[in-house]
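All of these numbers come straight from a predicted model, not from anything done at the bench. Atoms considered below: every heavy atom in the structure, side chains included; atoms not considered: hydrogens, waters and symmetry mates. Chain letters run A, B, ... following the sequence lines, proteins first and then strands; every chain starts at 1.
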Number of protein chains: 2
Amino acid sequence: MSAEALQTALAKLRDAGVRMTPQRHAILSYLLKTMSHPTVDEIYKSLEEKFPNMSVATIYNNLRVFKDVGLVRELTYGDASSRYDANMNEHYHAVCTNCGAVKDFYYPSLAQVEKEAAKATGFEVSSHRLEVYGLCEDCRIKQ
Amino acid sequence: MSAEALQTALAKLRDAGVRMTPQRHAILSYLLKTMSHPTVDEIYKSLEEKFPNMSVATIYNNLRVFKDVGLVRELTYGDASSRYDANMNEHYHAVCTNCGAVKDFYYPSLAQVEKEAAKATGFEVSSHRLEVYGLCEDCRIKQ
DNA sequence: CTACTTGCAAACTTTTTGCTTGCGA
DNA sequence: TCGCAAGCAAAAAGTTTGCAAGTAG
């Protein structure tokens, strides 16, 4: 499944006229492979063995490219750095308030919320974000 | 209502053993008065007439105090600075993707989501956050 | 009185930018 | 070849910290 997802993603980039490079390929495939919604720093550390000279700017640049093409979503949390999620199916996140881990979960779509919110606020609503916060299994055990 | 809310808040701070200062009072009452979920910079600009020497550090310090005592909530969004919300009733936010404005809306509690998420992820869930994104009325007209 | 607050500036973190060199198509 | 991409370092932007001086209780 991951292999197919990579092919689809590569096709999407090609169609958008985005040039492929080893670094770009590595970042993308790492994102698709992991389920951990890594930060820029985690990506950087994971790939520095293969690309000792790669700079963080390259990672940021590529993440923006992926975001523009619609291959990844940026998750932002107050204190910490952004995390990047290459799972583009509609889903939600459970965020650990202790260690920052992010885990996906699925739930029936909340389209009705968007409608209600639009009515209540006068906004033209186009998307929504739902997250639950708490302790992940690891942190629960350790505490 | 705002006046009572201020009294309640002051009492809460007193009970927590927090000393009152003119700056602290001004920041708190500004937060309770406004509905606009201001950023630190907005608070700073609003109060610089009354407190020409007040530094942003003072605002950050006080916001942390208020947060610790449970008087305000910090809202964080990727690109921009944090916003601070002194409405502690359970409610949700509509965020303008163009100008960053944040408007409250109410919706039946999503307690069920927390349960489902806990079951699906193994997290011990303690809270959730729901936001809708789109264009606010002003930005809709201008575009 | 004295511990908590303020004000100020410097430090820190994360992300962006400018510019030169390199490389994919 | 030609322009996009990478690497690097410096700059932004937001937030935090350390310390001296002031003040609430």
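Checked for salt-bridge contact, A:Asp41 and A:Lys45 meet the test: a charged N lies under 4.0 Å from a carboxylate O.
B:Pro38 and B:Tyr30 make their closest contact through CG-CE2, 3.8 Å (heavy atoms, listed as atom of the first residue, atom of the second, distance). B:Met20 approaches B:Leu13 most closely through the heavy-atom pair CE-CD1, 3.7 Å.
If you measure from atom CD1 of B:Ile59 to atom P of D:dT15, you get 11 Å, rounded to the nearest angstrom. Taking atom CG on B:Leu13 and atom C1' on C:dT5, their separation rounds to 14 Å, with Å as the unit. The distance from atom CG of A:Asn61 to atom P of C:dT17 is 10 Å, rounded to the nearest whole Å. In this structure, the NE2 atom of B:His25 is 16 Å from the C1' atom of C:dT5, given to the nearest Å. Atom CD of B:Gln23 is separated from atom P of C:dT5 by 12 Å (rounded to the nearest Å). If you measure from atom CG of B:Asn62 to atom P of C:dC4, you get 15 Å, rounded to the nearest angstrom. Summarising the geometry, the separation between CG on A:Asp68 and C1' on D:dC4 is reported as 15 Å, rounded to the nearest angstrom. Atom CZ of A:Arg64 and atom C1' of C:dT15 are 9 Å apart (whole Å).
Residue B:Ser82 places at least one side-chain N or O under 4.0 Å from the OP1 or OP2 atom of D:dT15. Taking only side-chain nitrogens and oxygens, A:Tyr60 never comes nearer than 4.0 Å to OP1 or OP2 of C:dT16.
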What pairs of nitrogen or oxygen atoms, one from the protein and one from nucleotides 19-21 of chain C, lie under 3.5 Å apart?
none

Nucleotide N/O of nucleotides 9-12 of chain C paired with protein N/O under 3.5 Å:
none

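For B:Tyr84 and A:Asn53, each mapped to the nucleotide of DNA chain D holding its nearest heavy atom, the one lying further toward the 5' end belongs to A:Asn53.
B:Thr58 and B:Gln23 share no donor-acceptor pair across their side chains, judged by distance under 3.5 Å alone. A donor and an acceptor atom, one from each side chain of A:Asn89 and A:Asn87, are located under 3.5 Å apart.
Scanning for salt bridge (Lys or Arg N to Asp or Glu O under 4.0 Å) contacts around A:Arg24 gives an empty result, with sequence neighbours left out. Checked against ring pair (Phe, Tyr, Trp, His ring centres under 6.0 Å), A:Tyr107 has no partners two or more places apart in sequence or in another chain. Taking B:Tyr60 as the reference, nothing meets the side chain to side chain donor-acceptor pair (under 3.5 Å) condition, with sequence neighbours excluded. For A:Lys12, the side chain to side chain donor-acceptor pair (under 3.5 Å) test picks out no residue, with sequence neighbours left out. B:Glu114 is linked by a salt bridge (Lys or Arg N to Asp or Glu O under 4.0 Å) to nothing, counting only residues two or more places apart in sequence or in another chain.
For the helix from C:dC1-D:dG25 to C:dA25-D:dT1, the angle separating the two terminal helix axes comes to 40°, with each axis derived from five pairs and the value rounded to 10°.
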Q.
Can you build the contact string for nucleotides 19-25 of chain D? Use B for base contact, S for sugar-phosphate-only contact, and - for no protein heavy atom under 4.0 Å.
A. ----BBS
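Ring planes of B:Phe105 and B:Tyr92: tilted class, angle from 30 to 60°. The aromatic rings of A:His37 and A:His93 sit perpendicular to each other, their planes meeting at more than 60°, with 30° as the lower class boundary.
Other members of the cluster containing A:Met35 do not exist, because no ILVMFWY side chain is joined to it at under 4.5 Å. Hydrophobic cluster membership for A:Leu75: A:Tyr77, A:Val95, A:Val102, A:Tyr133 (Ile, Leu, Val, Met, Phe, Trp, Tyr linked by side-chain heavy atoms under 4.5 Å, directly or transitively).
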**Q.** side chain to side chain donor-acceptor pair (under 3.5 Å) between A:Glu90 and A:Ser109, intermediate numbers included
**A.** CA-CA 8 Å; A:Glu90 183 171 86; A:Ser109 172; 3.3 Å; yes
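If you run side chain to side chain contact (heavy atoms under 4.5 Å, CB included) between A:Leu110 and each of A:Glu116, A:His128, A:Arg129, only A:His128 comes through.
Across residues 31-49 of chain A, not one residue has a non-hydrogen atom less than 4.0 Å from an atom of DNA chain D.
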